[in-house]
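Written below as structure tokens is the structure these notes are about.
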Amino acid sequence: MSDPFDLAEVAPPPAGALAPAPYLNALNPEQRAAVEALDGPVLVLAGAGTGKTRVLTTRLAHLINMRRAWPSQVLAVTFTNKAAREMRERVAALLGGAVDGLWLGTFHATAARMLRRHAELVGLKPDFSILDQDDQLRLIKQVAEPMHLDDKRWPSRVLAAAFDRWKDRGLTPEQIGRAEAEHVADGKGGELYAAYQDRLRVLNACDFGDLLLHCITIFRAHPDVLGQWQRKFRYVLVDEYQDANVAQYLWLRLLAQQHKNLCVVGDDDQSIYRWRGAEVGNILRFEQDFPGATVIRLERNYRSTARILGAASGLIAHNRGRLGKTLRPADAGANDQGAPVEVRGVWDDEAEARLVGEDIEQLQRDGHPLKEMAILVRASFQTRSFEERLLTLGLPYRVIGGTRFYDRAEIRDAVAYLRLVNQPDHDLAFDRIVNLPRRGLGDTSLQALHRIARAQGISLTQAARRVLETDELRPQARRALRDFLAQLDLWRGKLVEMNHVALAETVLEESGYVDMWRVDKSPEAPGKLENLKELVRALAEFENLAGFLEHVSLVSDNEQQAGEDGVNLMTLHGAKGLEFDVVFLPGWEEGLFPHQRSLDEGEAGLEEERRLAYVGLTRARQRAYLSHAANRRVHGAWQSSIPSRFIAELPDEHVARTADSGLYAGHGRGGGLADPESVFAVPAPGSTWDTPGQRRARAFFAARNVTPPAPRENARLAANAAIAVGDRVFHQKFGTGRVLDRDGDKLDIDFQHAGRKKVFDSFVTKA
DNA sequence: GGGTCCCCGTTTTTT
DNA sequence: ACGGGGACCC
């Protein structure tokens with residue numbers, strides 16, 4: 001990884017004749033102001049659909065076109081590779097050609113690039129490897145093992161999350177507060193974190209958090225190094241600033257301190273990654289952190305109808321912690337306000353999928369391409385019922401997100417082989433594939449290797465060589481290990497002479513890894529073989545093995561092949577930054593959206609859910625359809641729920657509300673639509689609806705001094721409390737059955753056809 | 001060293 | 001309902 005750049009000070013280009021800037025004419029006044037405010041700290045608050053990316057790319061192009069800095073003196077950071085790629089392409093388009101030397105990339109890729117130059121200052125070598133989540137978990141497990149933790153209470157993923165959050169906040173093991181370190185892992189949190197960091201160093205490895213954390217550590221301890229970078233980057237630009245964590249904020253602040261030309265673009269209302277360490281406070285505090293900052297608001301929305309904007313604005317206005325923006329339609333004088341946002345109540349998740357399916361078919365007949373429609377869900381399990389429905393209807397769809405290519409087990413295995421060939425001392429890669437396929441090297445042998453490696457401070461590969469000279473292993477295991485090491489040496493010998501693609505094929509074949517899947521008769525095996533072929537194809541796009549491995553570490557290629565028509569299915573998180581003509585937002589129910597886990601976190605959790613709702617609504621250009629189901633199967637059990645509070649928060653003038661008959665006030669009566677208001681009916685205390693969700697809903701309505709309309713059939717609901725063990729009952733979905741047991745408001749019923757189920761008593765009637 | 005059974009957890013997931 | 005992982009047994 002050699003960077004062909006020099007940290008020696010370079011003067012900015014001479015301010016000479018400027019090229020004309022026709023791109024400025026394509027901007028509205030606020031956008032133009034944001035582009036032309038080149039000097040000093042600038043905060044661009046860009047609401048959804050207000051041309052954020054255009055501003056960012058035009059500003060970057062403008063900087064270079066105005067000769068304010070050489071491209072190599074400009075740093076532009078994004079969160080995703082996709083955003084970085086897009087920005088690079090658009091800047092090239094604006095300037096009529098690719099720009100060389102520009103530092104444009106993700107936070108992590110940029111930090112990695114810097115860190116490789118100074119790795120030794122934090123005890124690493126420049127060719128350190130970057131661990132992903134899976135490697136990280138394995139390593140933590142190893143480190144935690146000798147500490148005799150209760151791994152039920154402190155599984156490695158919980159520990160990983162704790163370390164990640166510390167790193168997000170820019171905290172090294174030495175900087176963790178005592179109290180905080182102690183309430184992780186039964187008081188051993190700090191010790192474990194330090195041990196993990198030490199182990200990483202021994203392995204010459206970093207996790208994602210380290211890329212930034214190590215940079216900060218270096219900048220703080222070595223003012224000369226920091227000074228070089230500060231002088232180099234005359235301008236710094238940041239995308240999606242609302243998602244920056246504290247470490248990223250510190251990194252930026254340190255880098256921009258010299259020239260103070262830091263421009264951040266973001267939208268506090270779209271901050272949805274708090275759980276991953278994003279700190280909305282960064283953007284809220286920008287003006288205090290960077291005195292004299294220019295603040296520019298982009299509020300002209302070019303995407304959505306007035307009604308969609310009205311609904312979204314009305315919703316987000318319920319949040320307290322925000323800077324405050326109001327989205328206006330760019331075409332404010334237009335007569336057409338657009339269709340109201342539709343809110344529909346349905347019986348259950350199947351009905352919801354049917355309804356959405358019908359709408360999609362109708363919209364398609366009306367001329368909307370399927371790829372212009374999206375179903376945005378809160379949690380990924382929700383996609384299932386829609387997939388089933390779309391399959392039934394024969395409508396093509398694509399699920400965006402899900403397991404990424406490089407996260408697949410077979411790809412990770414193959415990559416581990418390549419890593420181990422490339423870096424003999426990569427212990428995690430060694431661990432992963434030493435007995436895959438089975439070579440007869442089980443736990444006992446591996447433990448011996450680990451023990452030796454640990455005791456002598458050497459890598460597993462080295463330990464393996466030593467152990468062969470002893471009689472520590474049984475002859476069988478020793479032979480297997482010797483053969484394996486010999487193979488590795490053979491492959492390594494070919495690194496120079498052989499082309500890396502051919503080498504990869506050789507390794508995968510000769511190791512027996514491919515054969516392992518050829519022999520495998522499970523239904524997944526053919527797909528896995530296909531993926532391995534794809535991996536080899538991907539390898540061909542890189543110059544050498546090392547370049548490929550760096551790509552694997554830092555780039556998650558989750559790009560979907562666009563082009564083909566199909567409905568888009570994804571989570572709300574996955575939809576950020578995208579837009580569609582029509583957006584379906586199912587599952588707006590208390591407990592699911594807002595999610596119970598967020599509600600448990602209190603006000604901050606709730607506000608983040610609300611921002612997520614806002615993100616969802618603002619994805620829609622023309623139409624948005626919300627829905628909520630009264631019943632839903634969650635983890636196998638039926639659950640009943642009430643509409644999300646967010647539905648009640650939508651301003652009436654932009655919304656049309658309908659619900660299937662009698663949904664929240666008894667059920668089973670046919671015909672027509674219920675009074676729309678009945679959707680919000682909340683029953684009297686003590687009724688069978690006395691569930692946590694109901695209690696929250698009552699508290700919510702009470703706090704707002706809203707009297708929810710009385711349910712119409714309270715008498716009948718109340719009667720359900722009288723259903724006793726032994727009664728014969730009728731359920732809409734499961735038919736008739738006999739009550740075997742009662743647990744609070746849940747009945748254990750043996751249905752004639754549907755078998756034994758647990759259901760809420762409010763959903764059955766005496767038969 | 002390898003297979004089987006049971007129990008737990010199950011929101012979101014850029015790098 | 002369901003999968004992954006750990007404990008337990010052969």
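Residue numbers begin at 1 in each chain, while the letters A, B, ... track the order of the sequences.
When rounded to the nearest whole Å, the span between CG of A:Asp239 and P of B:dT15 equals 13 Å. As a whole-Å value, the separation of A:Arg384 CZ from B:dT10 C1' is 14 Å. As rounded to whole Å, 13 Å separates atom P of B:dT15 from atom CD of A:Glu240. The NE2-C1' distance, from A:His595 to B:dT10, rounds to 9 Å in whole Å. In this entry the distance linking CD of A:Gln133 with P of B:dT12 reads 13 Å, nearest Å. For the pair A:Asp243 CG and B:dT12 C1', the interatomic distance rounds to 12 Å; values are reported in whole Å. Separating the CG atom of A:Asn435 from the P atom of B:dG1 is a distance of 8 Å, rounded to the nearest angstrom. Atom CG in A:Asn81 sits about 7 Å away from atom C1' in B:dT15, given to the nearest Å.
A:Glu601 comes within contact range of at least one nucleobase, with a heavy-atom separation under 4.0 Å. A:Ser380 comes within contact range of the sugar-phosphate backbone alone, with a heavy-atom separation under 4.0 Å but no base atom that close. In this structure, A:Gly440 reaches the sugar-phosphate backbone alone: every heavy-atom distance under 4.0 Å involves primed, P, OP1 or OP2 atoms, never a base. A:Ser445 comes within contact range of the sugar-phosphate backbone alone, with a heavy-atom separation under 4.0 Å but no base atom that close. Nucleic acid contact class of A:Lys141 (heavy atoms, under 4.0 Å, all strands): sugar-phosphate only.
The salt bridge (Lys or Arg N to Asp or Glu O under 4.0 Å) test with A:Arg432 is passed by exactly one of A:Asp413, A:Asp132, A:Asp135: A:Asp413. Remark: of the listed residues A:Val238, A:Val265, A:Thr78, A:Val265 is the sole one forming a side chain to side chain contact (heavy atoms under 4.5 Å, CB included) with A:Leu56.
No hydrogens or angles considered: a donor-acceptor pair under 3.5 Å links the side chains of A:Gln197 and A:Asp210. No side-chain donor-acceptor contact under 3.5 Å links A:Gln423 and A:Asn204.
OP1 and OP2 of B:dT11 both lie 4.0 Å or more from every side-chain N or O belonging to A:Arg378. Proximity of A:Ser598 to the phosphate of B:dT12: no side-chain N or O atom is located under 4.0 Å from OP1 or OP2. Taking side-chain N and O atoms only, A:Arg438 has a distance below 4.0 Å to OP1 or OP2 of B:dG3. Between B:dT12 and A:Arg274, no contact under 4.0 Å exists linking OP1 or OP2 to a side-chain N or O.
Checking B:dT15, B:dT10, B:dT12 against the side-chain heavy atoms of A:Phe208 singles out B:dT15 as nearest. Of all nucleotides listed (B:dT15, C:dA1, B:dG2), B:dT15 comes nearest to the side chain of A:Leu554.
Toward the 5' end of DNA chain B, the nearer of the two residues A:Thr444 and A:His635, judged by each one's closest nucleotide, is A:Thr444. When each of A:Ala477 and A:Glu608 is assigned the nucleotide of DNA chain B bearing its nearest heavy atom, the one mapping closer to the 5' terminus is A:Ala477.
Between A:Arg138 and A:Asp431 there is no salt bridge, since none of the side-chain N atoms of the basic residue sits less than 4.0 Å from a carboxylate O of the acidic one.
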